[in-house]
Enquirer: 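My questions will all concern the structure given below.
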Amino acid sequence: MLTKKEIRFCLDEMKKMFPDAQCELEHKNPFELVIAVLLSAQCTDTLVNKVTKELFKKYKTPEDYLAVTLEELQQDIRSIGLYRNKAKNIRKLCTMLLEEYGGIVPQTKAELVKLAGVGRKTANVVASVAFDEPAIAVDTHVERVSKRLGICKWKDSVTEVEETLMRKVPRDEWSVTHHRMIFFGRYHCKSRNPNCPECPLLEICREGQKRMRKRKEVNAN
DNA sequence: CTCCCGATAT
DNA sequence: ATATCAGGAG
């Protein structure tokens, strides 16, 4: 496990690599952000942006999503994947927003996680990005990076990763850190082919050093 | 834990 | 061909 000083080093190096890391899901208001994040499960945000560009022209309010048939909504988001679950959840979400919140997206994490299709990660993203509340959303990238670097243990659950990060990262850096870790995971410490040889964090990264040793062995043959 | 699922990179 | 993509519900 990394020391406090080593974690500080990671945060500073990530800041150098991705000084302007931010939410890449295109949205004009909290409602659009909730829909976009819900759609982004197991899907690249590039594709989400491609779909929402048209989707948000057609659907502006919760009422709009409830005005069409389930099949029509499914077709409008089909290319995203997992579209049956997502269409169903969007309709439930919109119903809840209208019945319980007057059609307005609530601002607290506690309220957000109760919404259909909104789990801990989505609630954190919306709270952080739309409402400026300190939060660390642990998605696939944040989880992978945290485990490779040794910020947390390999067997930790997503919730445990989030708790560890909140303990070890200063609260006023939660949101930027979360975005920089995503960029670091998405563009550098990739799942398939991480760029360990050019990684500024290699000196403190157990996983990176292990991969570099394997690389040498292969080279020797 | 399983299921949902099309698009894209490798 | 197949692993992976800003996960969540049952």
Side-chain angles (χ1 to χ4, degrees), chain A residues 14 18 20-27 30-56 70-71 73-97 105 109-131 133-148 155-162 165 174-196 207 211 215 218:
Chain A
M14 285 186 202
F18 305 103
D20 304 316
Q22 56 177 317
C23 180
E24 295 198 307
L25 292 168
E26 288 163 18
H27 61 283
F31 180 58
E32 286 190 354
L33 180 63
V34 177
I35 300 292
V37 181
L38 190 155
L39 290 173
S40 71
Q42 298 294 292
C43 171
T44 60
D45 54 354
T46 307
L47 182 58
V48 173
N49 288 335
K50 202 177 294 180
V51 169
T52 55
K53 185 174 181 183
E54 298 305 317
L55 193 75
F56 292 162
L70 181 59
E71 289 71 24
L73 180 55
Q74 284 180 1
Q75 282 311 306
D76 288 337
I77 64 171
R78 193 190 57 84
S79 61
I80 294 274
L82 307 180
Y83 58 91
R84 277 185 275 256
N85 288 340
K86 289 174 182 175
K88 202 187 306 172
N89 282 332
I90 287 173
R91 289 177 66 103
K92 274 194 204 170
L93 167 72
C94 290
T95 303
M96 293 174 77
L97 284 179
V105 179
K109 284 189 261 184
E111 291 171 306
L112 286 164
V113 287
K114 291 180 192 166
L115 298 171
V118 177
R120 197 180 181 85
K121 181 231 133 189
T122 302
N124 275 322
V125 173
V126 174
S128 162
V129 175
F131 302 121
E133 186 180 332
I136 299 183
V138 178
D139 69 340
T140 181
H141 299 297
V142 175
E143 180 179 6
R144 182 180 64 252
V145 167
S146 299
K147 291 183 176 180
R148 279 184 178 165
K155 63 178 185 69
D156 281 352
S157 68
V158 176
T159 312
E160 288 171 324
V161 177
E162 185 187 328
L165 286 169
W174 283 359
S175 293
V176 261
T177 297
H178 143 70
H179 282 114
R180 284 182 188 140
M181 287 183 81
I182 286 179
F183 272 57
F184 181 69
R186 183 179 293 163
Y187 303 115
H188 186 91
C189 189
K190 292 180 279 191
S191 180
R192 283 266 186 124
N193 189 17
N195 191 0
C196 300
E207 180 63 19
R211 284 170 180 270
R215 208 183 146 90
V218 175

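Chain letters run A, B, ... following the sequence lines, proteins first and then strands; every chain starts at 1.
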Enquirer: Looking for any heavy atom pair under 4.0 Å, which part of the strands does A:Lys50 touch: base, sugar-phosphate only, or nothing?
Expert: sugar-phosphate
Enquirer: Looking across every strand, which nucleic acid part, if any, lies under 4.0 Å from A:Gly119 by heavy atom: base, sugar-phosphate, or nothing?
Expert: sugar-phosphate
Enquirer: Looking across every strand, which nucleic acid part, if any, lies under 4.0 Å from A:Val48 by heavy atom: base, sugar-phosphate, or nothing?
Expert: nothing
Enquirer: Assuming nearest nucleotide by heavy-atom distance, tell me which of A:Ser40 and A:Leu115 is located more 5' along DNA chain C.
Expert: A:Ser40
Enquirer: Measure the distance from CD1 on A:Ile80 to P on C:dT4 and round it to the nearest whole Å.
Expert: 20 Å
Enquirer: Please classify the nucleic acid contact of A:Arg186 as base, sugar-phosphate, or nothing, using heavy-atom distances under 4.0 Å.
Expert: base
Enquirer: Describe the nucleic acid contact of A:Leu82 in one word from base, sugar-phosphate, nothing, applying a heavy-atom distance below 4.0 Å.
Expert: base
Enquirer: Which part of the nucleic acid, if any, lies within reach of A:Thr122 when heavy atoms closer than 4.0 Å are counted: base, sugar-phosphate only, or nothing?
Expert: sugar-phosphate
Enquirer: Considering every strand and a 4.0 Å limit on heavy-atom distances, what is the contact class for A:Leu38: base, sugar-phosphate, or nothing?
Expert: nothing
Enquirer: In whole angstrom, give the distance that lies between atom OH of A:Tyr187 and atom C1' of B:dA9.
Expert: 14 Å
Enquirer: Starting at CZ of A:Arg91 and ending at P of C:dG8, how long is that distance when rounded to a whole Å?
Expert: 22 Å
Enquirer: Using the C1' atom as the reference point in each nucleotide, state the distance between B:dT8 and C:dG8 in Å, no decimals.
Expert: 23 Å
Enquirer: Answer with base, sugar-phosphate or nothing: what part of the nucleic acid does A:Arg84 contact at a heavy-atom distance below 4.0 Å?
Expert: sugar-phosphate
Enquirer: Report the distance from atom CG of A:Leu39 to atom C1' of B:dG6, rounded to the nearest whole Å.
Expert: 13 Å
Enquirer: Specify the closest pair of heavy atoms between A:Asp139 and A:Lys121, including all atoms of both residues, with the distance to one decimal.
Expert: CB-CD, 4.1 Å
Enquirer: In terms of side-chain heavy atoms of A:Asn89, which of C:dA9, C:dT2, C:dG7 is nearest?
Expert: C:dA9
